[in-house]
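To start, the structure under review is shown below, and the notes come after it.
Reminder, nothing fancy here: chain letters follow the sequence lines and each chain counts from 1.
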Amino acid sequence: MTIEQQMIYETHLHDFCRISWVSEEAKAYWYPRIQCLTTLFQNQAIALTSKEVFPLLIKRLYPHEADELSEQLQESSLKINHLRGTRKKLLEIFPVTFLNDQVKETILIGKKKHVDQALDAFNKSDSNKFLEIIGMPICCIKSYLEGLQTTIYNGLLRTILKEQKKKELNNQLLSYLLYKPLGLDLLQYEPCFFDCQQSEQNINNVINTLIDKGYNQEMLWLKEILSWPISWSGLHGIAEVKTPINKFMYNIDATAKKVELIITGSNYPKLGAKGLAFPYRINHSIKEAIA
Amino acid sequence: MVLEVRPMGVKCNLSCKYCYQHKYRRVGKELTDYDLDIITGYIKKRDQPVDIFGGEPLLIPIHDLEKLFGLAHEMHGYSTIQTNGTLMNDNHIKLFKKYNVYVGLSCDGPNELNNMRFAGSIDKTLQATKKTLDAMHQLRKNGLDTYFQVQLTKINATGTRLNKLMQWFKELDDLGIKYCRIHVIDNNCLDSSLCLTEQEYIRAYSKLYELQKTLVNLHFDIFDDMEKMLQLKDDDVTCVFRGCDHYTTEAVMGINGNGEQHNCGAMDDEGVYFQKPDQKGYERAMMLYQTPYEYGGCRGCRFFLACKGHCPGNAIDNDWRNRSVFCRVWQELFSLIEEDLERKGITPVSRHPKRKEWEDILWSHWQRGVNLILEKDLN
Ligand code: SF4
Ligand code: SF4
């Protein structure tokens with residue numbers, strides 16, 4: 001039995017993500033910016049797909065949202081299709097962690113050839129091929145498929161568990177992964193690890209494309225956020241992320257022991273809280289950023 | 001929920017060794033000044049009963065205290081104050097009478113039993129303790145109700161000291177004091193050697209439980225609450241038995257003199273005043289219910305409906321996702337009270353054939369973000 005299998009136990013918990021801010025000022029400044037980025041990624045995901053930055057987009061939508069989207073895309077070069085299957089089948093084929101909301105449907109969006117190829121791979125239960133089509137690097141596919149053996153669906157948790165210890169990193173670009181539950185979703189898969197170069201490249205592609213499209217200011221906010229210290233921990237099926245401006249918690253696979261990750265960061269926001277333990281600090285001695 | 005008003009933040013004239021607020025002091029949350037307009041504006045906006053709190057709230061000039069008591073009286077007819085009593089004088093007592101202020105005194109017993117409430121030296125501490133007890137007598141003489149907040153420590157609840165503490169409680173009972181809250185020391189106590197061991201807590205609480213049976217007036221909140229919880233009477237019990245959502249700490253909403261809002265001080269180990277999220281959630285209790293005991297959860301515990309993993313602020317390893325580090329103490333006390341209830345012919349919830357059914361109902365409501373008041377909602 002692997003360490004991962006020993007650590008995980010069966011539980012049920014609804015999908016949730018709740019945020020607590022360090023102050024009303026930090027919330028007033030940063031919440032609208034994070035919302036703006038979330039909306040930007042949602043709105044631009046389809047545009048990025050038509051530019052083939054994402055060859056194929058997978059979304060979980062309520063039926064009425066899927067219908068609306070289908071109408072919107074009628075005039076475009078993109079095709080939309082449902083991916084129908086049980087939760088188990090879906091998980092076997094691709095790494096979507098938030099599948100608990102049974103009412104939502106899984107939708108594929110992309111150029112006709114990609115959608116057809118993906119449907120074919122899905123019907124043949126060819127995970128490798130399917131993940132390749134959605135633009136997942138080989139190393140991440142390998143890691144994901146290995147992870148399936150352990151039934152740990154959360155890629156982040158899986159990679160930390162593999163290390164069997166608390167991880168300390170300073171990989172700012174990929175610290176975005178920890179902000180994913182807030183909607184800062186730049187990739188539609190979870191990298192095999194925090195220093196996955198191909199994933200870093202994919203994120204850079206997205207950021208550069210958005211800068212080209214005129215979203216300079218938004219990308220500056222994003223880079224600012226990604227440069228902060230941040231801690232992640234998981235225990236008993238609840239993950240908690242602490243950043244200088246807020247903390248938030250959400251559901252993950254349940255682990256018997258605490259697993260932790262720390263990204264040391266290089267900036268600290270002016271509105272970041274003073275506090276005694278990481279990621280908080282009493283003196284904001286390192287370079288202060290924009291707010 | 002009461003509104004905890006802390007005009008000077010956590011500023012205090014004492015330095016109790018176990019104080020859970022030291023973390024805030026270390027990040028500079030003691031205030032030297034405050035804005036009364038901000039505070040009164042907030043009190044009006046929230047429209048909740050007011051508890052004047054600190055640090056030590058009697059550090060505030062008397063005319064400002066009067067404004068706060070006056071406003072609370074106008075809005076609710078009363079207020080409460082939590083003080084160590086060492087600064088109390090006749091003028092304060094006049095205000096308490098005039099504005100119907102219910103005074104909570106923090107004291108761990110007479111003389112050396114209270115030495116952890118440190119005033120700078122042992123001599124000064126003993127003098128301060130005398131002032132606290134004089135204040136209590138003055139309050140009683142003036143017909144004012146008061147209650148005590150007592151911490152159990154190595155200094156007052158081990159060996160023969162425990163007998164002295166019990167003797168003091170008998171004296172309080174004779175004086176007509178009705179209510180006393182007995183606390184465990186905060187997880188983050190700077191000097192862990194002050195904390196009782198699990199066995200010492202069990203011994204101390206068990207003896208106090210037996211003592212309560214012999215008292216006429218004085219009640220210890222913990223035993224009353226546990227007895228109520230074992231009968232699903234959860235409408236007015238303390239927060240620790242209600243499946244506290246540590247992000248919203250529903251029992252506590254607070255404001256400091258500079259307008260900063262705070263949650264319950266039992267959380268926020270970093271000394272950060274985290275703000276309440278928009279939604280409540282009971283994920284901690286839901287996961288504890290499912291998590292095996294050996295991993296730090298409560299799975300299978302027959303007292304779960306009554307306890308729910310207890311306070312997240314005193315969780316194992318300081319991680320709110322674990323159950324209370326004092327679990328064995330609570331289990332022991334629940335067992336004692338359970339036996340007494342059965343002797344009286346009452347079936348406690350822990351032994352009730354419908355226990356599982358009730359747990360399922362509670363759980364399914366938590367899933368929707370609703371914390372049932374079992375007393376009302378299960379009947
Ligand atoms: S953290 Fe503990 S003391 Fe604070 S409100 Fe919750 S249960 Fe009560
Ligand atoms: S007594 Fe212990 S195991 Fe039972 S609910 Fe309370 S903390 Fe959990």
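Using a cut-off of 4.0 Å between Lys/Arg side-chain N and Asp/Glu carboxylate O, Asp317(B) and Lys258(A) are scored as not salt-bridged. Of the charged side-chain nitrogens involved, at least one lies within less than 4.0 Å of a carboxylate oxygen, so that Asp278(B) and Lys27(A) count as a salt-bridged pair.
Within 6.0 Å of atom CD in Glu10(A), 12 or fewer heavy atoms from other residues, nucleotides or ligands are found, so the atom counts as exposed in its surroundings. Counting heavy atoms of neighbouring residues, nucleotides and ligands inside a 6.0 Å radius, atom OH of Tyr31(A) does not exceed 12 of them. Crowding of Lys180(A) atom NZ: a count of heavy atoms from other residues, nucleotides or ligands under 6.0 Å exceeding 12.
The distance from atom OH of Tyr295(B) to atom CG of Leu235(A), rounded to the nearest 0.5 Å, is 11.5 Å. Expressed to the nearest 0.5 Å, how far OH of Tyr289(B) lies from NE2 of His12(A) amounts to 12.0 Å. Distance check: Tyr24(B) OH to Leu276(A) CG gives 10.0 Å after rounding to the nearest 0.5 Å. Atom CZ of Arg284(B) and atom NE2 of His236(A) lie 10.5 Å apart (nearest 0.5 Å). The distance from atom CD of Glu240(A) to atom CZ of Arg321(B), rounded to the nearest 0.5 Å, is 5.5 Å.
Between Val22(A) and Phe274(B), some side-chain heavy-atom pair lies under the 4.5 Å cut-off. Side-chain atoms of Lys29(B) and Lys274(A), non-hydrogen and from C-beta on, never get closer than 4.5 Å to each other. A heavy-atom distance below 4.5 Å is found between the side chains of Leu13(A) and Met287(B).
Although no hydrogens or angles enter the test, the distance criterion places a donor-acceptor pair under 3.5 Å between the side chain of Ser20(A) and the main chain of Gln275(B).
The shortest heavy-atom contact between Ile19(A) and Pro277(B) is O-CB, 2.9 Å.
Interface residue Arg299(B): only side-chain heavy atoms are found under 4.5 Å from chain A. Using a 4.5 Å cut-off between heavy atoms, Asn263(B) makes no contact with chain A at all. In this structure, chain B has a heavy atom under 4.5 Å from the backbone of Phe248(A), while its side chain stays farther away.
For residues 238-255 of chain B, heavy-atom neighbours of chain A at less than 4.5 Å comprise Asp245(B), His246(B), Tyr247(B), Thr248(B), sorted by residue number. Contacts from residues 44-53 of chain B to chain A, taken as heavy-atom pairs separated by less than 4.5 Å, involve no residues at all.
Defined by atom type and a distance below 3.5 Å, a donor-acceptor pair is present between the side-chain atoms of Thr291(B) and Tyr9(A).
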message: For a side-chain contact (heavy atoms from CB on, under 4.5 Å) check, start with the C-alpha distance between Glu283(B) and His14(A), then their side-chain angles and the critical distance, and finish with the verdict.
response: CA-CA 9 Å; Glu283(B) 302 87 6; His14(A) 54 286; 4.2 Å; yes
